[in-house]
2 protein chains.
Amino acid sequence: MGRPQMSGEDNLLRLVEAEDGDENDYHLQDQVGFILRKAHQRHVSIFASHIGDLTPPQFAALAKLYDIGETSQNQLGTLIAMDAATVKGVIDRLKARGLVEVSKHEVDKRRLLVNLTSEGREAIERLIPLARAITEETLAPLTAKETATFLRLLAKLA
Amino acid sequence: MGRPQMSGEDNLLRLVEAEDGDENDYHLQDQVGFILRKAHQRHVSIFASHIGDLTPPQFAALAKLYDIGETSQNQLGTLIAMDAATVKGVIDRLKARGLVEVSKHEVDKRRLLVNLTSEGREAIERLIPLARAITEETLAPLTAKETATFLRLLAKLA
DNA sequence: CTGATATCATTTGCATACGAATGAATTTGC
DNA sequence: GCAAATTCATTCGTATGCAAATGATATCAG
C-alpha cells in the first residue's frame, strides 16, 4: 500500500536500488527502536509475572537504596535513570507502602533524603533472588555466549 | 550498605561463593532489564530530537498503515505491539490531527477501520527518511558488524 | 556582600502502557 | 438454532516518563 501504483518499471528500478543498497522499503519491524520497545515490553511482562506487587522502577529504587544507602531523591533518580518528576512519583508510592522513608537534609535544606525502612530492606532481600530469575528468563532465548555478547552491545547503546 | 555488619568470616564466605559462581552482590546496572530500559529511553530521546511533533508509537501506527493500508484498530495494535487500550489513545490523537480517519466495518460491526488520510500519507513519506537517520544515530555506538549481531540477538529477545 | 546562576524538589500537562471490567457483535459447539 | 465462548472496542484506574514552569535554597562572580 505504500506504493499504490507500482508498475513493472518500478520493479526494475527497485532491483537497481537494491543493488545500490538504496532500499526504498521501510519495515517497521526491522527498526531498532521498535524491537527495543518490544524487548522492553517482554521484560516488563516477565517481571510482573514474578513480582506482581512492585514495578521495575520501584524495584530499581529499592535495589539502589539497598546498594548505596541513604541518598537524596535527585541523586537516586540519576542513579536509576529517572528524571525528577518520575522519581518523585516512585518514591511517593514506596513511601505510602512503608518501604522507604524520607527526611530533610540537615545542611542543604533543598534536599530530600530517602532511605529504606526495615520493611523495605526485608522486601528487597526477599526480592533479589526473584530478580535473578527474571533476568534469567528474559535472557533464556540466548545461549550463554550470545548473552555475553548481547549485554556488551546493549550496554554500548544505553 | 546491603551487608551492614560484614565480618572477616563473611569475606571468606564470599570468596568461596565467588569460586562457586554464587555471587551474592546484585548490581542493578548489570541487569538486562535495567539496561534495556535505558537503551529504550535513549532511543526515544534521539527520536524526539529528530521528530518533535510525533511520538514513536504514533509514528509506528502511521508507518504500519502506510505499509499495509486500511485495517481494524485491533489488528493494527497487534502489528505494532500495543494493547487495545493503548492503541485507542494513539489513534484518537492521530485522528484529532487529521493524519488518520476511521470508519465502521460494513460486515463486522464490531470493527473500527483505520486508514491514513492524504495528509497522513504525506506526513509518513516525509518522515521515513528521518526515521532512517534516527535508526542510524541510535546504532552509531556500534560497528556495522556489531549492529548486525545486536539486531539478531535483540530480535530473539523481543 | 550581592546579584546572577545553578541546583533540588514540586507541580502540571500530555502520552504511553497495561489490567480489569463492560457492552456489543460474532463465532462455536452441540 | 441457540446458548456459550470469543472477539472488538471502550472506559477506568494506576504507573511510568518527560517537558516546562515554579519556588526555595545554595553557590558563584565581581
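Below, chains carry the letters A, B, ... as their sequence lines are ordered, and counting in each starts from 1.
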Result block: side-chain N/O donor-acceptor pairs under 3.5 angstrom for residues 39-47 of chain B, not counting sequence neighbours:
{"unit_1": "Gln41(B)", "atom_1": "NE2", "unit_2": "Ala81(A)", "atom_2": "O", "d": "3.2"}
{"unit_1": "Arg42(B)", "atom_1": "NH1", "unit_2": "Leu157(A)", "atom_2": "O", "d": "3.0"}
{"unit_1": "Arg42(B)", "atom_1": "NH1", "unit_2": "Thr138(B)", "atom_2": "O", "d": "3.0"}
{"unit_1": "Arg42(B)", "atom_1": "NH2", "unit_2": "Glu137(B)", "atom_2": "O", "d": "3.3"}
{"unit_1": "Arg42(B)", "atom_1": "NH2", "unit_2": "Thr138(B)", "atom_2": "O", "d": "3.4"}

Acceptor/donor pairs from residues 71-80 of chain A side chains to any protein atom, 3.5 angstrom cut, sequence neighbours excluded:
{"unit_1": "Thr71(A)", "atom_1": "OG1", "unit_2": "Gly69(A)", "atom_2": "O", "d": "3.3"}
{"unit_1": "Ser72(A)", "atom_1": "OG", "unit_2": "Gln75(A)", "atom_2": "N", "d": "3.1"}
{"unit_1": "Thr78(A)", "atom_1": "OG1", "unit_2": "Asn74(A)", "atom_2": "O", "d": "3.3"}

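- To the nearest 0.5 Å, atom CG of residue Leu36(A) and atom CD of residue Gln31(A) are 12.0 Å apart.
- In this structure, the side chain of His105(B) engages the main chain of Val107(B) through a donor-acceptor pair within 3.5 Å.
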Measure all distances between protein nitrogen or oxygen atoms and nitrogen or oxygen atoms of nucleotides 9-12 of chain D, and list the pairs falling under 3.5 Å.
{"unit_1": "dA9(D)", "atom_1": "OP1", "unit_2": "Leu112(B)", "atom_2": "N", "d": "2.5"}
{"unit_1": "dA9(D)", "atom_1": "OP1", "unit_2": "Leu112(B)", "atom_2": "O", "d": "3.3"}
{"unit_1": "dA9(D)", "atom_1": "OP2", "unit_2": "Asn74(B)", "atom_2": "N", "d": "2.5"}
{"unit_1": "dT10(D)", "atom_1": "OP2", "unit_2": "Gln73(B)", "atom_2": "NE2", "d": "2.7"}

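- Leu130(B) CG to Ile51(B) CD1: the interatomic distance, rounded to the nearest 0.5 Å, is 5.0 Å.
- Taking atom CZ of Phe59(A) as the reference point, atom P of dA15(D) lies 18 Å away to the nearest angstrom.
- In terms of modelled atom types and a separation under 3.5 Å, the side chain of Glu125(B) and the main chain of Glu122(B) share no donor-acceptor contact.
- Listed by first and then second residue, the salt bridge (Lys or Arg N to Asp or Glu O under 4.0 Å) pairs involving residues 145-158 of chain A are Glu146(A)-Arg152(B), Glu146(A)-Lys156(B), Arg152(A)-Glu146(B), Lys156(A)-Glu146(B) (not counting sequence neighbours).
- By the salt bridge (charged side-chain N to carboxylate O under 4.0 Å, His left out) test, Asp30(A) pairs with no residue at all, sequence neighbours left out.
- Evaluation of the salt bridge (charged side-chain N to carboxylate O under 4.0 Å, His left out) rule for Asp83(A) yields no partner, not counting sequence neighbours.
- For Lys64(B), the salt bridge (charged side-chain N to carboxylate O under 4.0 Å, His left out) partners at least two apart in sequence or on another chain are Asp67(B).
- For DNA chain C, the contact window with chain A, defined by any atom under 4.0 Å from a protein heavy atom, covers dT7(C) to dC18(C) in 5' to 3' order.
- To the nearest 0.5 Å, atom CZ of residue Arg97(B) and atom CG of residue Asp53(B) are 5.0 Å apart.
- Distance check: Tyr26(B) OH to Thr135(A) OG1 gives 5.0 Å after rounding to the nearest 0.5 Å.
- In this structure, the CD1 atom of Ile91(A) is 10 Å from the P atom of dT16(D), given to the nearest Å.
- A heavy-atom distance below 4.0 Å to DNA chain D is reached by these residues of residues 95-109 of chain A, ordered by number: Val107(A), Asp108(A), Lys109(A).
- Atom CD in Gln41(A) sits roughly 13 Å away from atom C1' in dT16(D) (whole-Å rounding).
- Within residues 43-58 of chain B, the residues having any heavy atom closer than 4.0 Å to DNA chain C are, in order of number, Thr55(B), Pro57(B), Gln58(B).
- Inter-axis angle, ends of the helix from dC1(C)-dG30(D) to dC30(C)-dG1(D), five pairs per end, rounded to 10 degrees: 30°.
- Counting all heavy atoms, side chain and backbone alike, Phe34(B) lies closest to Leu28(B) at CB-O, 3.4 Å.
- Applying the 6.0 Å contact sphere to NZ of Lys95(B) captures more than 12 heavy atoms from other residues, nucleotides or ligands.
- Applying the salt bridge (charged side-chain N to carboxylate O under 4.0 Å, His left out) criterion to Lys104(B), with sequence neighbours excluded, gives no partner residue.
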